[in-house]
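Everything below concerns the one structure shown next.
Values in this document were obtained by computation on a predicted structure and should not be read as measured data.
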Amino acid sequence: MEKQEYYLGLDMGTGSVGWAVTNTKYELLRKKGKDMWGIREFETAEAAADRRTHRVDRRRRQRQVARLGLLKSYFSDAIEKVDPNFFIRLENSKYFPEDKDEKLNSKNGIFDDENYKDVDYYKTYPTIFHLRKVLLDLENTGAKFDVRLVYLALANMFKHRGHFLLNAEGDALSTEQVDAVYQEVLDKFENDYELIIERKPVQQVIDIISNSDTGRKKKYEELQELFGVVKKDKSVNELLKCLCGLSVNANLIFDEKTEEKVSLSFNDFSYTDKIPELMEQLTEEEYAIIEQLKSIYDYAVLAGTLKGYDYLSCARVELYEKHSKDLKLLKALYRKYKTKEEYNKMFNSFNPKKLQNEKMEVSYAAYVNSLNSSDSLVESKKYRRNMNGRKTDDLYTVIRKAFANNKEDEDVKYIMEQMDKEQFLPKQLTGANGVIPNQVHKKEMERILKNAENYLPFLKDKDESGLTVSERIIQLFTFQIPYYVGPLGGNSKTGWIVRKEEGAVLPWNINDKIDMSATSEAFIGNLIRTCTYIQGEKVMPKASLAYERYCVLNEINNLCIDGERLDTKLKQQIYKDCFMKGKRITKKQLCSYLVAQSLISSEEQVTGID
């Protein structure tokens with residue numbers, strides 16, 4: 001049979017492939033009575049980002065469980081002597097009574113002593129911070145506490161270790177690091193965006209942002225006055241708003257003529273969830289500046305959170321007591337001026353049979369995430385960040401409206417003043433919790449353990465590592481596996497770890513178990529891919545000097561003066577005089593350079609650059 005020439009046409013998409021076979025005249029061919037064309041559909045490919053995020057979350061959770069397991073092992077013998085079923089109750093506390101372990105015959109989830117139940121525990125310690133504060137023994141009374149209470153306080157800290165973004169230790173936390181970031185931000189705005197901001201001392205900026213006696217809008221006004229900014233300076237105003245935690249358009253910070261909006265608020269509880277979106281909408285340089293502004297904001301908020309106390313628990317207990325006092329006052333005013341129905345609507349439960357998709361009414365019950373509020377029935381993957389009807393501003397708006405006609409009342413005046421300062425009914429769980437570094441919790445843990453050693457002698461016991469139990473607990477709490485080590489398991493499909501010997505990796509033996517030098521090299525090697533054109537060749541890193549030079553020269557190649565491309569000598573001269581200084585070059589700056597070189601007389605002569 002004579003061979004026939006044919007063409008195979010493919011139409012490839014992300015979810016399907018269309019194909020057709022024709023002769024040289026583009027006429028459709030037939031085979032076995034059927035036209036030779038068709039389509040094959042398949043599931044659309046997805047980026048690995050989601051899978052990677054879930055994998056990282058699982059690994060983080062596994063490591064947290066391992067840390068808590070070690071903490072539990074240190075306390076198990078001492079707690080076993082006092083309460084054999086203590087850990088069983090903790091593990092079963094989330095179950096219904098009929099699903100709990102057979103050994104448990106009580107509804108209590110923590111304490112089930114004859115004279116001490118859960119009710120007694122929560123009455124004595126309404127929040128975990130009350131317990132932590134008592135264990136600090138700030139008055140040096142030498143009081144002794146139940147070993148179970150010490151474990152609960154430490155376990156809470158292990159679950160909420162704080163962030164690891166600061167390199168300073170303990171009392172070394174100062175404004176020096178923040179001042180370096182502050183000066184760098186001002187330099188970038190001046191050099192890259194031609195935005196000149198008067199250089200005021202960073203301590204003055206921090207004092208304004210951290211002042212708990214003023215609200216965010218008032219702080220913004222004070223920063224305006226400090227920097228001498230007028231309303232027409234849109235970019236600077238947006239920058240100052242951002243530093244105060246107000247909602248801003250991030251694009252407006254870098255370009256006051258922009259029409260695209262990128263919403264941003266450091267005070268938003270869900271800010272971290274929006275980071276991937278911000279990274280897509282902003283350039284690398286812009287997002288880096290936003291992160292630097294966030295670090296300044298975080299430091300100032302942390303100073304305001306501690307409120308001058310040495311320990312976080314003291315500040316948190318004060319917040320709890322203020323919330324309790326404010327709540328009593330608000331309830332009294334509702335009883336005085338409002339009907340019983342309005343009172344119940346604000347403070348008591350809603351009908352649990354309400355539809356889940358019904359619009360949530362703003363109330364105190366919703367604000368504190370009461371289990372009686374209808375919003376608590378909403379099923380959500382990230383329910384704790386579901387702020388429908390629960391934002392502070394929402395509640396303040398309702399209260400202001402409720403007592404708009406009673407402003408002469410002294411108690412109402414107090415509430416209005418507190419709301420203006422954003423201090424009325426303060427919450428324990430807020431976005432500000434994310435700014436607390438590990439060092440703040442560590443300082444508190446060290447004191448708790450030091451006190452506990454006086455009545456829990458096992459904390460002074462040493463093992464083969466030569467460390468006491470207290471020292472091992474501190475190291476576990478503060479240790480973070482270096483990013484370049486990656487997964488520790490030998491069976492990991494994505495791991496690259498190089499081990500010296502097998503065994504559990506712990507803070508005090510990591511250098512004995514892992515070859516850190518070889519592992520860091522493997523980490524870099526794992527990131528380098530092979531070229532898709534030249535087989536077997538490694539690609540050049542995008543941030544390498546050679547590739548960045550290539551990219552810059554490629555951009556310069558597009559430049560034209562009066563429609564004519566530049567000669568090689570001029571291109572190299574521009575590269576050396578403008579780009580080698582390490583600053584971002586704008587069209588205006590480039591044209592100013594060409595005018596100074598007598599190469600052009602107006603910007604209109606230059607094309608090929610945005």
* **Set of residues satisfying side-chain contact (heavy atoms from CB on, under 4.5 Å) with respect to Y122, sequence neighbours excluded** =>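 Y122: side-chain contact (heavy atoms from CB on, under 4.5 Å) contacts with I110, D118.
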Are [X] and [Y] linked by a side-chain donor-acceptor pair shorter than 3.5 Å?
| X | Y | result |
| --- | --- | --- |
| S465 | D463 | yes |
| S470 | E453 | yes |
| Q64 | R61 | yes |

* Asked: Do other residues, nucleotides or ligands put more than 12 heavy atoms under 6.0 Å from the NZ atom of K107?
  ->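 Result for NZ/K107: open.
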* Asked: How about E102: does its CD atom have over 12 heavy atoms from other parts shown lying under 6.0 Å from it?
  ->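 No, not enclosed.
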* Asked: Any idea how F111 and Y121 line up, ring-wise: parallel (<30°), tilted (30 to 60°), or perpendicular (>60°)?
  ->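 Because their plane-to-plane angle lies in the 30° to 60° range, the rings of F111 and Y121 count as tilted.
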* Any idea how Y193 and F254 line up, ring-wise: parallel (<30°), tilted (30 to 60°), or perpendicular (>60°)? ->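 Judged by the thresholds at 30° and 60°, the geometry between Y193 and F254 is tilted.
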When the side chains of residues 309-317 are checked against the rest of the protein, which donor-acceptor pairs come out under 3.5 Å, sequence neighbours left out?
unit_1	atom_1	unit_2	atom_2	d
Y309	OH	E318	OE1	2.5
S313	OG	R132	NE	3.4
S313	OG	E444	OE1	3.3
S313	OG	E444	OE2	2.3
R316	NH2	N433	OD1	2.4

Would you say that [X] contacts [Y] through its side chain, given a criterion of any heavy-atom pair below 4.5 Å between the two side chains?
| X | Y | answer |
| --- | --- | --- |
| Q428 | F129 | yes |
| M157 | I448 | yes |
| T468 | L459 | no |
| Y151 | D146 | no |
| Y125 | L135 | no |
| I253 | I290 | yes |
| Y455 | V147 | no |
| I88 | N92 | yes |

What pair of heavy atoms forms the shortest contact from [X] to [Y], and how long is it?
| X | Y | answer |
| --- | --- | --- |
| K188 | I289 | CD-CG1, 3.8 Å |
| K500 | I514 | CE-O, 3.7 Å |
| S247 | S265 | CA-CB, 3.9 Å |
| S263 | L278 | O-CD2, 4.1 Å |
| G486 | R63 | O-NH2, 3.1 Å |
| M445 | L154 | CG-CD2, 3.8 Å |

* Asked: Does any N or O in the side chain of S73 come within less than 3.5 Å of the main-chain N or O of L70, such that one atom is a donor and the other an acceptor?
  ->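 It does hold such a pair.
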* Residues two or more places apart in sequence or in another chain: which of them pass side chain to side chain donor-acceptor pair (under 3.5 Å) with Y95? ->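 If we apply the side chain to side chain donor-acceptor pair (under 3.5 Å) test to Y95, skipping adjacent residues, there are no hits.
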* To do: Evaluate the criterion side-chain contact (heavy atoms from CB on, under 4.5 Å) for residue pair E80 and F87; output intermediate values, then yes/no.
  => CA-CA 9 Å; E80 183 76 19; F87 290 116; 5.9 Å; no
* Honestly, is K427 close enough over Y367, meaning NZ or CZ under 6.0 Å from the six-membered ring centre and within 45° of the axis? ->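 Pair K427/Y367 counts as cation-pi.
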* Asked: Centre of Y74's six-membered ring, under 6.0 Å away, within 45 degrees of the axis: is that where NZ or CZ of R472 sits?
  ->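 Positive - R472 is close enough to the ring of Y74 and near enough to its axis.
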* To do: Before giving the answer on side-chain contact (heavy atoms from CB on, under 4.5 Å), spell out for L71 and F477 the whole-Å C-alpha distance, their side-chain angles and the decisive distance to 0.1 Å.
  => CA-CA 10 Å; L71 179 67; F477 182 74; over 6 Å; no
* Stepwise, does the side-chain contact (heavy atoms from CB on, under 4.5 Å) test hold for T519 with F523? -> CA-CA 6 Å; T519 298; F523 167 71; 5.6 Å; no
* Can you tell me how far OG of S76 sits from NZ of K81, rounded to the nearest 0.5 angstrom? ->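 One gets 10.5 Å once the value is rounded to the nearest 0.5 Å.
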* Asked: Please walk me through it: do D113 and V82 pass side-chain contact (heavy atoms from CB on, under 4.5 Å)?
  -> CA-CA 10 Å; D113 298 349; V82 180; 5.6 Å; no
